[in-house]
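Labels below follow one simple rule: chain letters A, B, ... track the order of the sequence lines, proteins then strands, and each chain is numbered from 1.
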Protein chains: 2
Amino acid sequence: MAQKNRLQYIILGLLNIGSKTGYDLAKAFDSDIGEFWSANHSQIYPLLKKMEQDEMITHHEIQVGQKLVKKSYDITDQGKKNFHEWLEEPSEADNSHDEFILKLYFIKDANSELLEEMVVSQLELRTDKLSHLQDQLADKFPDQASQQANYGHYCVLKHAIQRESGYVDWLKGI
Amino acid sequence: MAQKNRLQYIILGLLNIGSKTGYDLAKAFDSDIGEFWSANHSQIYPLLKKMEQDEMITHHEIQVGQKLVKKSYDITDQGKKNFHEWLEEPSEADNSHDEFILKLYFIKDANSELLEEMVVSQLELRTDKLSHLQDQLADKFPDQASQQANYGHYCVLKHAIQRESGYVDWLKGI
DNA sequence: GGTTACATGTAAGATGTTACATGATTAG
DNA sequence: CTAATCATGTAACATCTTACATGTAACC
């Protein structure tokens, strides 16, 4: 199987909001999206070219000032279809590059049925994960002595539990 | 500049704890380290070869059963030096693949001076980040209407704040 | 005897980063 | 006029994933 190419879906999601230049897209990773995903312009421009070939997006040109012509990209019907298919796929509980949060970012409607489904399945995943982590903590660091003997590892496990626990609480509040 | 090659340092850190086979190292990413970093055996075996060429590690062979000979890798003095240099470098506040946590995992001593320094500098980074996120929330979602209009984005920002806030609390407890 | 875990590798391709390159426009 | 930002690309390299490939050892 090929790799996920999640960047492609982020671009589709951003263009689904509105027409954007490669520069605009790159900037999005410095602010909002940057919270949970990263990409450089050198990755974005070639991908835009490829996505246009694949007919997920098109572009129109905009004259700026005297000489500069910028390309503003637009999502096609095919692109919209691909994007929605991705949104509806289940997301793994990965810690780095959280795909669930990525999808969530693109859900506009608070009452969406898809949102409800996504949250329920993510909540199950994260609750399981939390309980496994708690088991691990009890198993590996049952007493003060073991915690002190390998303090960094202990802290990291505590962090993972705190993170998952916060994640679960946050999910419950959605 | 070349890329970070953090995996190399994780391997050094694990071998610094004790001699391990490629298989053992790969397994570490299914449990402990897997909480915040990932790697497959197909990435590990070639890297071990390269690290041995670079004299950061060596290996000795262990006879298992009748036929199987496994390679157990050991860190060299040079490897230990490289590892400690990495530990002492400042860590960025990246969300995916958290390098700070990665380093922390390898700190054994709760009273280590390095730990103290690392935590202080990370706390500063994360506190700044949290306040930027809170500014963003106030700026982008000042009222209920704006929150409902773009619910996913709102949730994601709330998540980032909750995450950073939990991170800061956790750091303070170290 | 069969299944699961141990054990080690390579190959092809996808993805991501850093550096190289260039030039226009805007705000002060 | 000058600095920051806008704007678009390529090249080289590093990293990571998936699939291919093979065989042993331990447990039931």
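- Taking the ring-ring contact (aromatic ring centres under 6.0 Å, His included) definition, one finds that F106(B) meets it with F83(B), sequence neighbours left out.
- Put simply, NZ on K4(A) is 12 Å from C1' on dA14(C), counting in whole angstrom units.
- Between K70(B) and R6(A), the one whose closest nucleotide on DNA chain C sits nearer the 5' end is K70(B).
- Residue N40(A) has a polar side-chain atom (N or O) positioned under 4.0 Å from OP1 or OP2 of dT17(C).
- For K50(A), the salt bridge (charged side-chain N to carboxylate O under 4.0 Å, His left out) partners two or more places apart in sequence, or in a different chain, are D54(A).
- For D24(A), the listed nucleotide lying nearest its side chain is dA7(D); candidates were dA19(C), dA7(D), dA7(C).
- Rounded to whole Å, the distance from CG on L25(B) to C1' on dC6(C) is 14 Å.
- For T21(B) and dT8(C), the shortest distance from a side-chain N or O to OP1 or OP2 is below 4.0 Å.
- Atom NZ in K27(A) sits about 9 Å away from atom C1' in dT5(D), given to the nearest Å.
- Atom pair L68(A):CG and dG9(D):C1' shows a separation of 13 Å (rounding to whole Å applied).
- Applying the 4.0 Å criterion to OP1 and OP2 of dT8(D), one finds that Y23(A) has every side-chain N and O outside that range.
- Between F141(A) and H153(A), the gap from one ring centroid to the other is short of 6.0 Å.
- Listed nucleotides: dT18(D), dC16(D), dT5(D). Nearest to the side chain of L7(B): dC16(D).
- Here the P atom of nucleotide dA24(C) and the CD atom of Q66(A) are 11 Å apart, to the nearest Å.
- A cation-pi geometry, defined here as NZ or CZ lying under 6.0 Å from the six-membered ring centre and within 45° of its normal, does not hold between K158(A) and W170(B).
- With respect to the salt-bridge test (charged N to carboxylate O, under 4.0 angstrom), the residues K129(A) and D135(A) do not qualify.
- Taking 4.0 angstrom as the limit, S38(A) places a side-chain polar atom (N or O) nearer than this to OP1 or OP2 of dT17(C).
- For N5(B), taking side-chain heavy atoms from C-beta onward, the closest of the listed nucleotides dT17(C), dC16(D), dT15(D) is dT15(D).
- At least one side-chain nitrogen or oxygen of K71(A) sits closer than 4.0 Å to the OP1 or OP2 atom of dG9(D).
- Here the P atom of nucleotide dG9(C) and the CD1 atom of I44(B) are 12 Å apart, to the nearest Å.
- Comparing dT24(D), dC6(D), dG9(C) by their nearest atom to the side chain of K67(B) picks out dT24(D).
- Checking dT10(D), dA19(D), dA7(C) against the side-chain heavy atoms of S42(B) singles out dA19(D) as nearest.
- Looking at the side chain of Y73(B), the nearest of the listed nucleotides dT15(C), dG9(C), dT25(C) is dG9(C).
- When the C1' atom of dA14(C) is taken as reference, atom NZ of K50(A) falls 10 Å away, rounded to whole Å.
- One can place CD of Q43(A) at 17 Å from P of dA11(D), the figure rounded to the nearest angstrom.
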